[in-house]
Amino acid sequence: MNLPVIGKVPSDVVVAWMVMLILGALTIIFLSKKKKWSLLWEYMRTTHHRKIGTMYIMAAILFFFRGGMDALLIRTQLAVPQNDFWVYQGDKYNELFTFHGTVMIFFVAMPLLIGLMNVAIPLQIGANDLAFPYLNAVSFWLFFAGAMIFNMSFFFNAAPNAGWTAYAPLSTDAYTAQVNNNYYIFGLQVSGMGTILTAINMIVTIFRLRAPGMKMTRMPLFPWSTLVTSVLILVAFPVLTIALTLLMFDRYYGTHFFMSEMGDPVYWQHLFWIFGHPEVYILIIPAFGIFSDIISHFSRQKVYGYKSMVGAIVLIAMLGFMVWAHHMFTVGLGAFANTFFAITTMMIAVPTGIKVFNWLFTMRHGAIRMTTPMLFSLGFIPTFVMGGVTGVMLAVAAADYQYHDTYFVVAHFHYTMVGGTVLGAFAGIYYWFPKMTGKKLDDSLGKWHFWLFATGFHLTFLPQHFAGLNGMPRRVYTYLPEDGVAIYNGVSTAGAFLMGISMLFLLYNLYKTAKSKEKAAADAWLGDGRTLEWTVASPAPEHPFEQVPYVKSVDPFWFHKRRIQNMPMGANPRPSPVSVKTIQPLLFVLTISMMSIAFIYHWIWVEIIFGLLVLMFFLLRTLTDERESVYRKEGEA
Amino acid sequence: MVKHIRKMSFFFLLLVAGCDIRVLDPASETGRRIEDLIGLSFWMMMLVLVIVFILFIHFIKKYRVKDDSYVPPEEKENKWLEISWTVLPIILLIILAIPTVIATYNLTYKSEAEEDSLKKEGLHVEVTAGQFSFTFTYPNGKESTNQLLLPVDREVTFTLTSKDVIHSFWVPELSGKIDAIPGKQTHLKFTPNQVGGYQGKCAEFCGSHHAMMRFTTRVVEQDTFTEWMDK
Ligand code: HEM
Ligand SMILES: [Cu+2]
Ligand SMILES: [Cu+2]
């Protein structure tokens with residue numbers, strides 16, 4: 001499209017501008033009419049775990065619709081052979097799947113899980129907040145800013161286009177010289193920093209702020225999986241930071257880490273997957289924790305094999321660092337490397353299998369009730385196992401020479417990521433919604449959401465296995481009638497739209513629940529809560545554990561209610577984290593964002609000025625400690 | 001739950017009818033080796049899947065309650081069950097790992113030492129990938145673009161490299177893929193056993209027109225091949 005003043009712009013970007021203008025205006029009108037500006041201001045300054053968790057989840061759902069729209073556009077372009085849908089051929093299509101993949105992994109799956117951790121972890125272990133509330137706000141805004149930087153790219157017609165894996169040398173300035181992939185680098189650097197800080201926060205919270213009596217071996221499985229995930233983040237994310245920094249040097253300052261005689265494009269793949277494989281476990285392990293808690297809750301049965309459950313996640317996490325080259329079987333690393341990584345990959349199936357059987361046997365001799373969270377958890381088991389078995393098939397290195405980079409792989413990772421992470425996040429949202437808002441989401445709408453989503457999901461991704469085996473590579477914007485994959489793609493597109501429709505049920509459910517006046521009880525789900533979060537009011541108050549229970553077993557609240565064991569309450573022996581209301585985290589992140597945008601567009605002076613401002617914030621923070629006055633007061637009292 | 005069973009039988013049917021699916025209907029020994037491995041891993045995994053699905057459906061049917069007051073007695077772990085679902089998968093994986101290792105060693109090819117002799121006896125093709133086409137260079141210096149001609153029943157070895165970004169050379173009916181990487185050489189070897197035309201594709205995302213980076217492979221009788229080479 002040729003616009004006056006601005007010049008040539010693709011028509012999809014113009015449409016996006018108009019939609020944004022309209023939505024922006026509507027939001028402002030809505031906020032003013034309903035007098036919600038003060039609420040917004042409140043959330044901008046909050047450091048409270050529940051509010052921050054809610055913001056994470058709201059943002060993630062927003063980006064889920066953004067990434068989902070990309071998915072629908074991809075599927076429309078691929079609906080029939082040799083399709084010419086709108087502008088989505090060539091580079092425009094490449095932007096589409098790059099955007100979709102990156103958004104879904106970093107700005108949907110990660111924040112959904114981190115949001116649930118924020119809401120549930122302190123409540124499950126009997127803490128009043130995360131250990132570092134201020135840092136937590138910084139983490140959230142870093143994530144949000146990273147996502148916003150990434151999203152800006154599209155509006156400036158410069159969306160990244162080298163895939164979410166950004167393989168060198170395609171991602172270096174020699175082949176993609178425009179600013180597009182700068183957005184990839186800085187979007188991920190900024191949000192990655194937030195993720196690392198969250199991991200530190202979670203680890204300290206879980207080690208330091210557990211209720212009295214709650215030994216590590218009495219901790220529910222979601223905190224356990226959060227702990228293990230946080231350690232994974234702490235090891236894996238810095239590798240991504242380093243890889244992106246090297247890529248930045250190649251793109252900006254003329255180094256050749258990933259090119260020419262001295263560098264090597266395969267270095268990028270090693271670095272990326274040393275981060276990337278643990279990343280997929282970062283995405284699945286928290287979901288495992290959520291499912292464990294939910295399945296146990298709605299089976300009225302303790303988790304089967306608690307110790308082996310914990311052992312299995314620790315083992316999966318450790319093995320997760322030894323398998324990265326299974327993404328590189330066709331690079332030509334040689335037979336020894338390929339068999340080594342094939343075998344380590346197969347080994348992961350063992351602890352994963354143990355978990356699946358433990359979930360099944362938690363239900364055995366239980367009393368199963370089909371609530372919405374339980375339905376999502378049950379949908380997870382067969383779906384994830386299907387993704388798991390194709391994973392073992394992919395681990396067979398010689399066979400992967402055929403599967404690699406085809407739609408078979410696309411099918412496999414959607415089975416694990418949608419069937420695992422996304423179902424887990426939905427289950428968690430329905431489950432802990434009372435703790436976030438004080439209300440319960442409508443159960444029958446939730447069930448509609450589940451059934452449509454699950455049916456749409458299998459319709460979308462099951463046929464993709466066959467498309468891959470019939471020779472369809474991934475990341476292609478078209479295919480020919482004689483390729484023999486039209487039928488699979490047609491079904492897949494229909495399924496994708498069904499999934500899209502199912503999400504409208506979630507939206508309507510959120511709207512309907514916001515309108516309703518019905519309040520949820522503290523022990524909101526059938527009065528069957530087993531862990532500490534169900535002992536506090538819904539929504540969770542600012543200081544839920546002024547009086548904290550003494551924990552004597554894994555499911556203390558359950559045994560207390562059954563009168564098998566008492567749960568004595570006492571004053572909280574630990575100093576509470578001090579929460580403050582402050583706009584500093586947001587301002588700090590704004591300066592970092594400005595600095596990043598300056599880097600993206602090579603504005604040297606702006607880089608320097610905002611760089612200095614960022615340092616000033618560090619200085620400011622070093623010199624303030626909101627705990628000092630509070631603890632002094634407590635000491636005097 | 002019934003839905004899942006129905007879906008799985010659909011999966012079966014398609015696989016039985018899988019004779020039109022390229023990877024499962026190979027025209028070379030290499031392709032058949034891989035197909036065997038895919039078959040083996042698939043059926044073993046189906047076994048796992050069926051066991052999990054049966055338990056899953058059985059437990060949900062049997063232990064679903066409508067009676068809100070029923071509190072089941074607490075379940076104790078059974079050591080033997082836990083041992084069996086740890087040990088049995090390990091055995092299953094060992095059964096799968098052995099042919100995996102053997103096939104991976106057999107099908108992963110590094111020429112180096114043999115290169116000279118291969119040039120004499122077999123057929124050696126140099127592949128240069130570039131955005132967005134493949135160039136094939138034959139021993140006598142003959143070059144062709146996006147058209148690979150091979151004689152039937154003769155071993156071919158390939159040495160691959162790239163002019164620009166990473167690409168991947170793939171003819172699903174004849175062999176698995178191997179990447180073509182700038183500044184490096186990779187190797188591939190197979191023997192086509194059936195005369196015919198086969199699709200070839202670039203399988204590694206390589207930029208704007210990755211989707212268009214295709215080539216055709218024609219496997220012909222030796223005479224036709226010699227004639228073509230000398231033209
Ligand atoms: C909601 C429905 C979804 C649909 C219909 C969908 C569809 C697709 C399709 C068709 C592709 C392949 C694009 C190509 O190779 O040309 C793709 C790629 C991808 N999807 Fe999804 N997807 C969905 C949800 C998700 C979710 C929830 C995640 C992650 C949590 C995800 C992660 C990815 C990733 C990482 C890629 C690879 C991108 C790349 O190749 O760079 N997707 N998706
Ligand atoms: Cu991996
Ligand atoms: Cu390509």
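A note on names: the letters A, B, ... follow the listed sequences, proteins ahead of strands, and every chain is numbered from 1.
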**Report entry** Electrostatic pair B:Glu204-A:Arg474, nearest N-O below 4.0 angstrom
**Finding:**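 A:Arg474 and B:Glu204: not salt-bridged.
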Requested in this report: Using a strict cut-off of less than 4.0 Å between a Lys/Arg side-chain nitrogen and an Asp/Glu carboxylate oxygen, indicate whether A:Arg369 and A:Asp528 qualify as a salt bridge.
Outcome: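 Salt bridge present between A:Arg369 and A:Asp528.
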Choice from [options] maximising heavy atom contacts with chain B below 4.5 Å:
{"options": "A:Gly366, A:Gly484, A:Ala399", "value": "A:Gly366"}
{"options": "A:Ala367, A:Ala168, A:Ala397", "value": "A:Ala367"}
{"options": "A:Lys92, A:Arg562, A:His365", "value": "A:His365"}
{"options": "A:Gly527, A:Gly471, A:Gly332, A:Gly90", "value": "A:Gly471"}
{"options": "A:Met346, A:Met363, A:Arg364", "value": "A:Arg364"}
{"options": "A:Thr339, A:Val389, A:Asn470", "value": "A:Asn470"}

**Report entry** Heavy atoms of other groups near B:Arg64 CZ, more than 12 under 6.0 Å
**Finding:**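 No, not enclosed.
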Let me know if [X] has heavy atoms under 4.5 Å from chain B in its side chain, its backbone, both or neither.
{"X": "A:Thr478", "result": "both"}
{"X": "A:Gln269", "result": "side chain"}
{"X": "A:Phe357", "result": "both"}
{"X": "A:Gln89", "result": "neither"}
{"X": "A:Phe559", "result": "side chain"}
{"X": "A:Tyr167", "result": "side chain"}
{"X": "A:Tyr306", "result": "backbone"}
{"X": "A:Thr406", "result": "side chain"}
{"X": "A:Trp268", "result": "neither"}
{"X": "A:Phe336", "result": "both"}
{"X": "A:Leu360", "result": "both"}
{"X": "A:Val331", "result": "both"}
{"X": "A:Val266", "result": "side chain"}

Checking side-chain polar atoms at under 3.5 Å, does [X] have a donor or acceptor matched by the opposite partner on [Y]?
{"X": "B:Thr216", "Y": "B:Asn146", "value": "no"}
{"X": "A:Gln565", "Y": "A:Ser553", "value": "yes"}
{"X": "A:Arg475", "Y": "A:Thr165", "value": "yes"}
{"X": "A:Tyr401", "Y": "B:Thr108", "value": "yes"}
{"X": "B:Glu29", "Y": "B:Asn193", "value": "no"}
{"X": "B:Ser168", "Y": "B:Asp179", "value": "yes"}

Pick one of side chain, backbone, both or neither for [X], based on which atoms fall under 4.5 Å of a heavy atom in chain A.
{"X": "B:Glu82", "answer": "side chain"}
{"X": "B:Ile38", "answer": "both"}
{"X": "B:Arg33", "answer": "neither"}
{"X": "B:Thr30", "answer": "neither"}
{"X": "B:Met213", "answer": "neither"}
{"X": "B:Asn78", "answer": "both"}
{"X": "B:Lys201", "answer": "side chain"}
{"X": "B:Ile181", "answer": "side chain"}
{"X": "B:Leu81", "answer": "side chain"}
{"X": "B:Pro73", "answer": "backbone"}
{"X": "B:Thr86", "answer": "both"}

Of all of [options], which one pairs up most often with chain A through heavy atoms under 4.5 Å apart?
{"options": "B:Lys66, B:Met212, B:Lys177, B:Glu74", "value": "B:Lys177"}
{"options": "B:Gly183, B:Ala103, B:Gly207", "value": "B:Gly207"}
{"options": "B:Thr186, B:Leu37, B:Ile178, B:Asp164", "value": "B:Asp164"}
{"options": "B:Leu92, B:Leu55, B:Ile90, B:Val71", "value": "B:Val71"}
{"options": "B:Glu35, B:His209, B:Lys76, B:Gln131", "value": "B:His209"}
{"options": "B:Lys62, B:His58, B:Glu77", "value": "B:Glu77"}

Query raised in the report: Do the side chain of A:Tyr479 and the main chain of A:Leu78 share a donor and acceptor less than 3.5 angstrom apart?
Result: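 Yes; judged by distance alone, with no hydrogens or angles, the pair exists.
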Query raised in the report: Between B:Thr161 and B:Lys184, is any pair of side-chain heavy atoms under 4.5 Å apart?
Result: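 Answer no - side chains too far apart.
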Requested in this report: Walk me through it: do A:Tyr415 and A:His465 pass the test ring-ring contact (aromatic ring centres under 6.0 Å, His included)?
Outcome: CA-CA 11 Å; A:Tyr415 262 86; A:His465 292 105; 5.5 Å; yes
With a 6.0 Å cut-off on the ring centroids, do [X] and [Y] count as close?
{"X": "A:Tyr407", "Y": "A:Phe466", "value": "no"}
{"X": "B:Phe136", "Y": "B:Phe215", "value": "yes"}
{"X": "B:Phe158", "Y": "B:Phe190", "value": "yes"}

Query raised in the report: What residue among B:Phe56, B:Tyr63, B:Trp85 forms ring-ring contact (aromatic ring centres under 6.0 Å, His included) with A:Phe361?
Result: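 So the option named by the test is B:Trp85.
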Report task. Begin from the C-alpha positions of B:Leu93 and B:Met44 and carry the test side chain to side chain contact (heavy atoms under 4.5 Å, CB included) through to its verdict. Result -> CA-CA 9 Å; B:Leu93 287 171; B:Met44 282 172 69; over 6 Å; no
Query raised in the report: Pick from A:Asn94, A:Asn181, A:Asp91: which one makes a side-chain hydrogen bond (donor to acceptor under 3.5 Å, both in side chains) with A:Thr176?
Result: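 The option that passes is A:Asn181.
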**Report entry** ring-ring contact (aromatic ring centres under 6.0 Å, His included) between A:Phe97 and A:Trp164, worked out
**Finding:** CA-CA 8 Å; A:Phe97 70 72; A:Trp164 87 279; over 10 Å; no
Query - Distance, nearest 0.5 Å, that separates CG of A:Leu459 from CD of A:Gln464 - result: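 Separation between the atoms: 11.5 Å.
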